[in-house]
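Notes to accompany the following structure.
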Amino acid sequence: MSPTAESAEVSAAGQARAARDNLWLHFTRHSAFETAEVPVIVRGEGAYIWDSRGKRYLDGLAGLFAVQVGHGREELAEAAARQTKQLAYFPLWGHAHPSAIELAQRLTEASPGDLNRVFFTVSGGESVETAWKLAKQYFKLVGQPTKHKVISRALAYHGTSQGALSITGIPGAKADFEPLVPSTMRVPNTNFYRATEHADDYQAYGRWAADQIEQAIEFEGSETVAAVFLEPVQNTGGCFVPPPGYFERVREICDRHDVLLVSDEVICAFGRLGHDFGAKRYGYQPDLITTAKGLTSGYAPLGAVLASDRLMAPFAHGSTTFMHGSTYGGHPVSCAVALANLDLMERENLYGQVLARESAFRSTLERLLDLPIVGDVRGAGFFYGIELVKDKATKETFTADESERVLRGYLSDALFEAGLYCRADDRAEPVVQLSPPLICGQREFDEMEQILRETLTGAWKRL
């Protein structure tokens, strides 16, 4: 080993030790690193990332559903540098700055309907928190103070702050932090693969799932329900797409009961589904959109809530104030990066590329259906889930012990070691999720399929 290589090896080992000893990693079992090194990612270019030892991985999750334009885009770094030199920071507390103004105008022009106001945040969870607070105050201001409850779907993830976590429908994510904010309730999601009603009729199943929202509103009393939070394609559980007519029916229900429809597009906006907003793909009009992630392609932290004129109206006159905000919401540098990111995606027609390539992506992943462990492949755009089963005929899922042994004990590490960064998740049935950068094409699709085929074959042998 050359002195340079030896020095790099020592440096990599030192970083891994420091990560183990000093970092508190998010959503991580730290006991896993008692005998193993913490992977340290040091570089990204295009659809690939490299660790501190020089190994390359295909980023099959776009970081965390965020890096739409791929890694290493110098123009985004340059946009951040220019803005830092001009105005590094100023809050949006009674003042404005040019990058926030321009970005807000651009988002409202792209949004569906009359979502003409943008409240900037730092993250997706903070956007969800903001939307709920806004819904509650809005109804107080218009003389309906008892409308404060929220409906969301089973297993849906909406964030980790106390309010957003209360809306989240994943029991295991909530138990350690209870009691949470009251007044939230769950309805069925749109996992047709495991439908218990209308399992032979996709459209009827969608109508049934939407009608469960109305039943929940009526059970709670429409005078108490403020909002319904729904993702265009639900993330947790493995990319549940909406059946035909589902969102049209939900919109009718919300209008009938004067309930706000919140489209949680933290993942689904900015090209993930081939459109700037997922609501456009599925043809529905939300009252609020919550977003983050792809807005900057993950190059800077930024979230946003897009609100309709109706929701802004009570705040536009008199002394009424929305007593909510944050130090870094609408940070000038983040807004400048977002503008450059949107320019880049428009110039390279990345939304159009997703729509043109999504069928090829799906068909490539569907090759895996010949494996006995693969039960279902589902999703839209560049956002797919692969559900794993023990028995394809009965759809029998893993036991808790099998999930521990196969997913955590083998599959997650095996996929990464084979050169694919993605997510093996068992917060519901076991799934592998894929959400690559929007720049990917057939070469990357084939690479994902090959690695998945080898590792899923190995997982089957361990059941």
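- Under the 3.5 Å distance criterion, the side-chain polar atoms of Gln234 are left unmatched by any main-chain donor or acceptor of Leu230.
- Contact of the Leu141 side chain with the Thr320 side chain is registered, since non-hydrogen atoms from C-beta on lie closer than 4.5 Å.
- Salt bridge Arg408/Asp425: absent, no basic N to carboxylate O contact under 4.0 Å.
- Between Arg256 and Glu214 a salt bridge is recorded (basic side-chain N to carboxylate O distance below 4.0 Å).
- Nearest heavy-atom pair across Phe382 and Pro436 is O-CD, 3.7 Å.
- With a 4.5 Å cut-off on side-chain heavy atoms, Asp201 and Trp208 do not count as touching.
- The existence of a salt bridge linking Glu447 and Arg443 is excluded, since no basic side-chain nitrogen approaches an acidic carboxylate oxygen closer than 4.0 Å.
- Ring-plane geometry between Phe247 and Tyr284 is classed as parallel, the angle between the planes falling under 30 degrees on a 0 to 90 degree scale with a further cut at 60.
- Across Cys422 and Val432, no two heavy atoms sit closer than the pair SG-CG1, 3.9 Å.
- Residues Val69 and Leu76 have side chains in contact (heavy-atom distance under 4.5 Å, counting atoms from C-beta outward).
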Salt bridge (Lys or Arg N to Asp or Glu O under 4.0 Å) for Asp287 and Arg251? Distances and angles first, verdict last. CA-CA 10 Å; Asp287 299 292; Arg251 182 70 265 180; 3.1 Å; yes
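- Atom CG of Leu288 and atom CZ of Arg117 lie 14.0 Å apart (nearest 0.5 Å).
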I would like to know whether Glu102 and Arg106 meet salt bridge (Lys or Arg N to Asp or Glu O under 4.0 Å); could you show each step before the answer? CA-CA 6 Å; Glu102 183 180 352; Arg106 187 159 180 175; 5.1 Å; no
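- Under a 4.0 Å N-O distance rule, the pair Lys147/Glu223 does not qualify as a salt bridge.
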Take Arg207 and Glu197 through the test salt bridge (Lys or Arg N to Asp or Glu O under 4.0 Å) and record every step on the way to the result. CA-CA 11 Å; Arg207 173 71 178 233; Glu197 302 282 343; over 6 Å; no
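- The pair Glu220-Arg186 does not meet the salt-bridge criterion, since no charged nitrogen lies less than 4.0 angstrom from a carboxylate oxygen.
- Ring geometry for Tyr384 versus Phe361: interplanar angle over 60°, hence perpendicular rather than tilted (30 to 60°).
- Not one N or O on the side chain of Lys133 forms a donor-acceptor pair closer than 3.5 Å with the backbone of Val128.
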Taking it one step at a time, do Arg73 and Glu348 satisfy salt bridge (Lys or Arg N to Asp or Glu O under 4.0 Å)? CA-CA 13 Å; Arg73 295 288 198 148; Glu348 297 188 2; 2.8 Å; yes
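- Here the closest heavy-atom approach between residue Asn235 and residue Arg423 is recorded as ND2-NH1, 4.0 Å.
- Residues Tyr193 and Phe240 keep their aromatic ring centres 6.0 Å or farther apart.
- Between Leu371 atom CG and Leu452 atom CG the span is 9.5 Å, to the nearest 0.5 Å.
- Contact of the Val150 side chain with the Val228 side chain is not registered, since no non-hydrogen atoms from C-beta on lie closer than 4.5 Å.
- Remark: side-chain polar atoms of Thr455 are not paired, donor with acceptor, to backbone N or O of Leu415 under 3.5 angstrom.
- Remark: Glu265 does not engage Arg272 in a salt bridge, criterion side-chain N to carboxylate O under 4.0 Å.
- A salt bridge is defined here as a Lys NZ or Arg NE, NH1 or NH2 lying under 4.0 Å from an Asp or Glu carboxylate O, and Asp255 with Arg249 fails to meet this definition.
- With salt bridges taken as basic N to acidic carboxylate O contacts below 4.0 Å, one links Arg453 and Asp370.
- One finds no salt bridge joining Asp391 and Lys395 here, because no Lys/Arg side-chain nitrogen approaches an Asp/Glu carboxylate oxygen to under 4.0 Å.
- Residue pairs satisfying the salt bridge (Lys or Arg N to Asp or Glu O under 4.0 Å) criterion with at least one member in residues 372-381, sequence neighbours excluded, are listed as follows: Asp376-Arg378, Arg378-Glu387.
- Side-chain contact check for Asn191 and Glu429: no donor-acceptor pair (N or O, by modelled atom type) lies under 3.5 Å.
- In terms of modelled atom types and a separation under 3.5 Å, the side chain of Trp132 and the main chain of His148 share a donor-acceptor contact.
- With hydrogens and angles left out, the side-chain atoms of Ser127 and Thr121 include a donor and acceptor closer than 3.5 Å.
- Panel note: side chain Lys392, backbone Val374; a donor-acceptor pair is recorded below 3.5 Å.
- Residues Gln215 and Val187 fail the side-chain proximity criterion, which asks for heavy atoms closer than 4.5 Å.
- The closest side-chain heavy-atom distance from Leu165 to Glu129 is not below 4.5 Å.
- Phe270 does not carry Lys293 over the face of its six-membered ring by the limits of under 6.0 Å from the centre and within 45° of the normal.
- Ring pair Phe33/His30 is perpendicular by interplanar angle, where above 60° counts as perpendicular and below 30° as parallel.
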Take His324 and Gln137, measure what side-chain contact (heavy atoms from CB on, under 4.5 Å) needs, and give me the verdict at the end. CA-CA 11 Å; His324 178 68; Gln137 186 175 0; over 6 Å; no
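- Looking at Arg29 and Glu404, a side-chain N of the basic residue comes within less than 4.0 Å of a carboxylate O on the acidic one, giving a salt bridge.
- A donor and an acceptor atom, one from each side chain of His158 and Thr168, are nowhere located under 3.5 Å apart.
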